[in-house]
Amino acid sequence: MFEFTIHNTDNYARVGSFKTPHGEIITPIFAPVGTQATVKAVTPAQLEELSASMVLANTYHLYLRPGDELVAKLGGLHHFMQWQKPILTDSGGFQVFSLTDMRKIDEDGVTFKSHIDGSTHRLTPEKSIAIQENLGADIIMAFDECAPPNDLAYSKEAMIRTHMWAERCIKAKKRNDQALFGIVQGGVFADLREESARVISSMGFPGHAIGGLSVGESKKDMYHTIEVVNAVLPPDKPRYLMGVGTFEDLIEGVWRGIDIFDCVLPTRLARHNAAMTRYGRLNVMNASFATDEKPLDKECQCYTCQHFSRAYLRHLIVAKEMLAATLLSIHNIHTLIHLTTDMRLAIQNKTFDSYAKEALTIYRSKKTQ
RNA sequence: GGACGGUUACCCAAGUGGACAACGGGGACUGACUGUAAAUCAGUUGGCAGAGGCCUUCGGAGGUUCGAAUCCUUCACCGUCCA
């Protein structure tokens with residue numbers, strides 16, 4: 001269990017597999033995010049049809065509502081949300097960043113004011129692990145502190161706390177049917193990132209994550225940070241780039257040796273009326289699509305593109321019909337998952353370099369059909 | 001035939017002498033979104049320069065005034081009531 005096997009490599013890019021109690025995941029993988037035990041606007045059946053092989057859920061949100069103990073009583077997260085493939089839960093560390101106005105950090109943990117009703121809640125490494133054990137995901141994450149990326153002093157503090165908390169997470173962990181991943185922090189600062197990668201990878205985690213990226217830093221800083229961290233992280237464990245996301249970032253990430261991605265982007269953009277495609281983003285609400293009979297992407301094999309025109313999708317959006325969010329989510333998730341399968345093929349064929357260059361050129365040209 | 005009330009930008013609707021190119025809402029248009037407080041948020045919506053600026057607008061015409069969407073006259077249309 002939780003063995004990572006590398007099947008192919010092409011420079012830094014790799015194809016691997018990781019065994020979990022709910023099946024094997026093949027990497028590179030993109031995992032859609034279902035914070036509240038649902039990938040918004042998409043049914044589990046639709047996710048299956050999209051060949052999604054793992055989804056995320058969130059510790060903080062499910063602890064507040066409906067409560068992790070209730071989920072445990074109801075048979076665990078897989079049964080509760082009717083998803084029988086692997087699940088990864090985030091630890092609540094991201095909420096330290098995203099709910100910054102409603103929490104106080106100390107050395108021991110974080111005190112949150114609930115965004116739902118204002119009540120006070122305490123999250124510590126031990127508590128985060130206990131919640132994640134109640135939820136019962138296949139992969140659980142160390143409780144970390146995701147910090148703003150460009151503040152050196154703060155990044156260092158947050159990194160040190162993250163390391164202390166990582167140790168405590170390991171000690172707190174009781175179940176052995178869940179893989180606990182450690183998280184590297186350190187902002188955009190190469191020396192911090194190197195140190196963090198060294199410390200975290202010395203703790204014996206079965207997988208490692210890079211946190212604190214795609215939170216406002218430049219692309220250049222993000223890509224460079226990935227290189228710095230991956231140079232230190234052991235190659236025989238899966239590498240998870242948390243919260244990434246865009247078509248090009250997936251390519252850039254795999255190129256640098258990333259195996260696992262997750263992101264809210266495909267589902268959020270869908271609800272915000274945008275389509276992610278090989279050739280850039282389409283704001284489907286644009287007036288120019290009103291009479292456009294073409295699919296979002298003529299080469300796309302997803303359900304949405306196989307059946308519906310841009311004009312119809314735009315109509316659904318303008319009429320505020322909720323099917324718009326579903327059809328666009330299906331397309332966007334398909335785009336990213338299909339990209340990962342393409343990248344796997346290219347790695348197996350040892351053509352990843354040229355594949356990546358061509359895909360990025362098409363993407364950055366933003367030439368729609 | 002008479003008495004009131006009304007006519008404001010794409011729509012609804014505020015504004016009753018100067019701070020009005022005109023509140024607000026809808027609609028329309030455009031952009032943003034990366035481990036989800038996000039079916040959200042931001043900008044534009046008379047024309048032209050596109051910062052201060054200039055020009056044309058508040059049913060039509062005429063008038064009062066230094067100055068009018070706002071006051072007066074008249075015409076047109078809509079509504080309610082009385083014959």
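Here the structure is a predicted model, which means the values were calculated and not measured.
- Taking atom C1' on both A69(B) and A22(B), the two are 8 Å apart, rounded to the nearest angstrom.
- Across all strands shown, Gln185(A) has heavy atoms under 4.0 Å from base atoms, whether or not it also approaches the sugar-phosphate.
- Using a 4.0 Å cut-off between charged side-chain N and carboxylate O, Arg193(A) and Asp221(A) make no salt bridge.
- The residue Leu56(A) sits close only to the backbone: its heavy atoms come under 4.0 Å of sugar-phosphate atoms, none of a base.
- With distances taken from any side-chain atom of Asp144(A) to the nucleotides U30(B), U34(B), G35(B), the minimum falls on G35(B).
- Look at U74(B): its Watson-Crick or wobble partner, with both distances under 3.5 angstrom, is G60(B).
- The side chain of Val318(A) approaches A28(B) more closely than any other nucleotide in the set U30(B), A28(B), U36(B).
- In the set G35(B), C29(B), A32(B), A32(B) carries the atom at the smallest distance from any side-chain atom of His272(A).
- Interface remark: the Asn58(A) side chain does not form any donor-acceptor pair with the G35(B) base, using a distance-only criterion of under 3.5 Å.
- In this model, the phosphate group of A32(B) is approached by a side-chain N or O of Arg281(A) to a distance below 4.0 Å at OP1 or OP2.
- With both ends at atom C1', the span from G17(B) to C71(B) equals 8 Å, rounded to whole Å.
- Applying the Watson-Crick and G-U wobble criteria (two distances, each under 3.5 Å), G79(B) pairs with C4(B).
- Comparing the P positions of G59(B) and A51(B) gives a spacing of 31 Å, expressed to the nearest Å.
- As rounded to the nearest Å, C58(B) and U7(B) have C1' atoms that lie 10 Å from one another.
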Chi angles and distances behind the side-chain contact (heavy atoms from CB on, under 4.5 Å) call for Phe143(A), Leu123(A): CA-CA 9 Å; Phe143(A) 187 56; Leu123(A) 221 49; 3.8 Å; yes
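- Side-chain atoms of Arg268(A) lie closest to U36(B) of the nucleotides U36(B), G27(B), G35(B).
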Verdict with reasoning, Asp108(A) to Arg168(A), per salt bridge (Lys or Arg N to Asp or Glu O under 4.0 Å): CA-CA 10 Å; Asp108(A) 179 56; Arg168(A) 285 167 58 187; 2.8 Å; yes
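- Remark: the separation of the C1' atoms in U8(B) and U80(B) is 22 Å, to the nearest Å.
- Using N1 to N3 plus N6-O4 or O6-N4 for Watson-Crick, or N1-O2 and O6-N3 for G-U wobble, each under 3.5 Å, G52(B) pairs with nothing.
- Comparing C11(B) with C23(B), their P atoms sit 16 Å apart, to the nearest whole Å.
- On the P atoms, G46(B) is 16 Å away from C29(B), given to the nearest whole Å.
- The side chain of Asn283(A) has G31(B) as its nearest neighbour among G31(B), U36(B), C33(B).
- An OP1 or OP2 oxygen of U34(B) is reached within less than 4.0 angstrom by no side-chain nitrogen or oxygen of Ser214(A).
- Ionic pairing of Lys173(A) and Glu133(A) is not present here: no N-O contact between side-chain nitrogen and carboxylate oxygen is shorter than 4.0 angstrom.
- In Arg364(A), the CZ atom is crowded: over 12 heavy atoms of neighbouring residues, nucleotides or ligands sit closer than 6.0 Å.
- Heavy atoms of Thr267(A) sit under 4.0 angstrom from at least one base atom.
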